[in-house]
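Please read the structure below before turning to the comments.
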Amino acid sequence: MATEKVIIIGSGPAGWAAAIYTARAELAPLVLEGAITETNRMAGTLPLGQLNLTTEVENYPGFPAGDMAPYLDNALPGPVRALMPPHSHHGISGPELMELMRQQAKNFGTRVVTDDVVEVDFSRRPFTLRTLGKHTYSAEAVIVATGARANYLGLESEDAYKNRGVSACAVCDGALPRFRNRPLVVVGGGDSAVEEATYLSKFASRVHLVHRRDTLRASKIMAERLHANRKIKPEWNHQLTEVLGDDTGVNGVKLTSTVDGSTRQVEAAGVFLAIGHTPNTAFLGGQLELTEKNYIRWTVPFRTNTSVEGVFAAGDVADDYYRQAITAAGSGCQSALDAERWLSHCGH
Ligand SMILES: Cc1cc2nc3c(=O)[nH]c(=O)nc-3n(C[C@H](O)[C@H](O)[C@H](O)COP(=O)(O)OP(=O)(O)OC[C@H]3O[C@@H](n4cnc5c(N)ncnc54)[C@H](O)[C@@H]3O)c2cc1C
């Protein structure tokens, strides 16, 4: 088995940015992009990452609204392009952006394997990685860019309206025209739920914050911010039990009281889940130091180093704060530069 200089695990913006930089630095990266399995489909962890699950992306610099179709025809191989939905003229879509990143990495010689890493051995160098497809890979340096998946309630109706009013990212989707001056629902009771509700209150006519208890888990300062915001209406002691809608998307929700089981309907053009994220770190088997929320811990300030020398982490798998495509791509770039300098320091 030949030893790779660098293997990148993961295929979101962080992974492809790391691949572009390491490929251009002549490190001949290998990307293990994830497997196409029913388990990954259900978990939202298919190759190309979280952005591949969304429609319009309006905040990734360099892609204003316009007719991208001729460029996509030109930049992507025919068979890939043929599988993509028609371009919306609105800006770039998540799947388009991710296919372009993947292709850009391939243009510089990145090799891509469609498989999940299921086990790692970081106890000695070169490092060893085992995949679902029962292949073993060896590498001097590893960049982990496996992302974090948004948690959903698991309702069938929620799944049916994803991208048609149901979202897990207010910063990403809140400014879309469909939500402006309309009532919205946020589900959750922690700091991020209050943050999402506060952010959405800039665009919405009203934000219903649905929480199954009668007090927030959020910090005191966030709770005060919530109470001071007259556009946010807490719906204490309620659970969202059904997303309602029609062909055009979400038009309401059904709430069920956690006190007496009674139900009522609330009008809403959108539902934003703010019930946390799950970082994709289980396959590491505890070999990297994690935070209390199971994200990979960056061990050197402003660097992408992890607790194991030669293993770097990039994107949402280590960042539970910014969680944006541009920040993930930025830390992918950092991880590539960190890996390249470390490899060169080691004489590779
Ligand atoms: C609905 C939604 C809309 C969004 N909209 C926007 C937006 O408009 N603008 C924006 O900037 N951000 C948006 N985001 C956030 C953005 O998608 C993420 O911040 C970004 O994708 C994180 O990139 P990443 O590379 O760290 O990880 P991810 O994009 O999560 O990619 C990681 C991928 O790695 C692969 N992987 C995981 N485990 C393994 C393994 N064991 N082996 C091999 N491969 C593995 C999987 O394919 C996984 O999907 C949105 C997120 C969601 C959920």
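Just so you know, ligand 1 is whichever comes first in the structure, and atom 1 is the first atom listed for that ligand. Since we're looking at a predicted model, the values are computed, not measured. Hydrogens, waters and symmetry mates play no part in the numbers below; they use all other heavy atoms, side chains included.
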Considering only non-hydrogen protein atoms, determine which one is nearest to atom 23 (O) of ligand 1 and report residue, atom name and distance to 0.1 Å. Pro13 CD, 3.2 Å
Where does Ala329 meet ligand 1, judged by heavy-atom distances below 4.0 Å: at the side chain, the backbone, both, or neither? neither
Among Glu119, Glu58, Gln324, the residue with a heavy atom nearest to atom 10 (C) of ligand 1 is Gln324
Applying a heavy-atom cut-off of 4.0 Å, say which part of Asp116 lies close to ligand 1: side chain, backbone, both or neither. both
Could you work out, for atom 33 (C) of ligand 1, the closest of Gly147, Ser167, Ser11 by heavy-atom distance? Ser11
My understanding is that we take every heavy atom of each candidate and find the minimum distance to atom 38 (N) of ligand 1. Doing that for Thr146, Thr114, Asn52, Leu97, which one comes out nearest? Thr146
Give a yes/no verdict on whether any heavy atom in Tyr60 is under 4.0 Å from an atom of ligand 1. no
How about Gln50 and Arg323: do any of their side-chain heavy atoms sit closer than 4.5 Å? no
Identify, by atom number and element, the atoms of ligand 1 in contact range of Glu33, meaning under 4.0 Å from any of its heavy atoms. 35 (C), 44 (N), 47 (O)
Lys/Arg-Asp/Glu bridge criterion (N-O < 4.0 Å) met for Arg111, Glu4: yes
Salt bridge (Lys or Arg N to Asp or Glu O under 4.0 Å) assessment of Lys220 paired with Glu224: CA-CA 6 Å; Lys220 195 160 171 278; Glu224 280 165 11; 3.3 Å; yes
Are Glu235 and Arg264 close enough for a salt bridge, meaning some N to O gap below 4.0 Å? yes
Is Val118 near ligand 1, meaning one of its heavy atoms is under 4.0 Å from it? no
How close do Asn280 and Val317 get, heavy atom to heavy atom, and via which atoms? O-CG2, 4.0 Å
Taking the six-membered ring of Phe108 (Phe, Tyr or Trp), confirm whether the NZ or CZ of Arg24 is under 6.0 Å from its centre and within 45° of its axis. yes
Considering only the protein, which heavy-atom contact is closest to atom 53 (C) of ligand 1, and what is its distance? Gln50 OE1, 3.2 Å
What do we get for Asn59 next to ligand 1 when only non-hydrogen atoms under 4.0 Å count, side chain, backbone, both or neither? side chain
Ring-ring centroid check Phe272 Phe179, cutoff 6.0 Å: yes
Subset of ligand 1 atoms that lie under 4.0 Å from at least one heavy atom of Gly315: 26 (O)
Where ligand 1 meets Gly10 - atom numbers and elements under 4.0 angstrom, heavy-atom basis: 34 (O), 35 (C), 44 (N)
Between Phe122 and Phe127, what is the ring plane arrangement, given parallel below 30°, perpendicular above 60°, and tilted in between? perpendicular
Answer side chain, backbone, both or neither: which part of Ala328 comes under 4.0 Å from ligand 1, heavy atoms only. side chain
Here's one to test your reading of the geometry: is the NZ or CZ of Lys162 within 45 degrees of the ring axis of Tyr152 and under 6.0 Å from its centre? yes
Closest approach of Tyr137 and His135, non-hydrogen atoms and distance? CE1-CB, 3.7 Å
If you measure from atom 47 (O) of ligand 1 to every heavy atom of Val113, Ile326, Leu46, which option wins on shortest distance? Leu46
Taking a cutoff of less than 4.0 Å between a non-hydrogen atom of the residue and any ligand atom, is Leu53 in contact with ligand 1? no
Ligand 1 to Ala14, heavy atom cutoff 4.0 Å, flagged ligand atoms 25 (O), 26 (O)
With respect to atom 8 (O) of ligand 1, which of Ala325, Cys172, Pro279 exhibits the smallest heavy-atom separation? Cys172
Side chain proximity check, Glu340 to Leu27, heavy atoms < 4.5 angstrom: yes
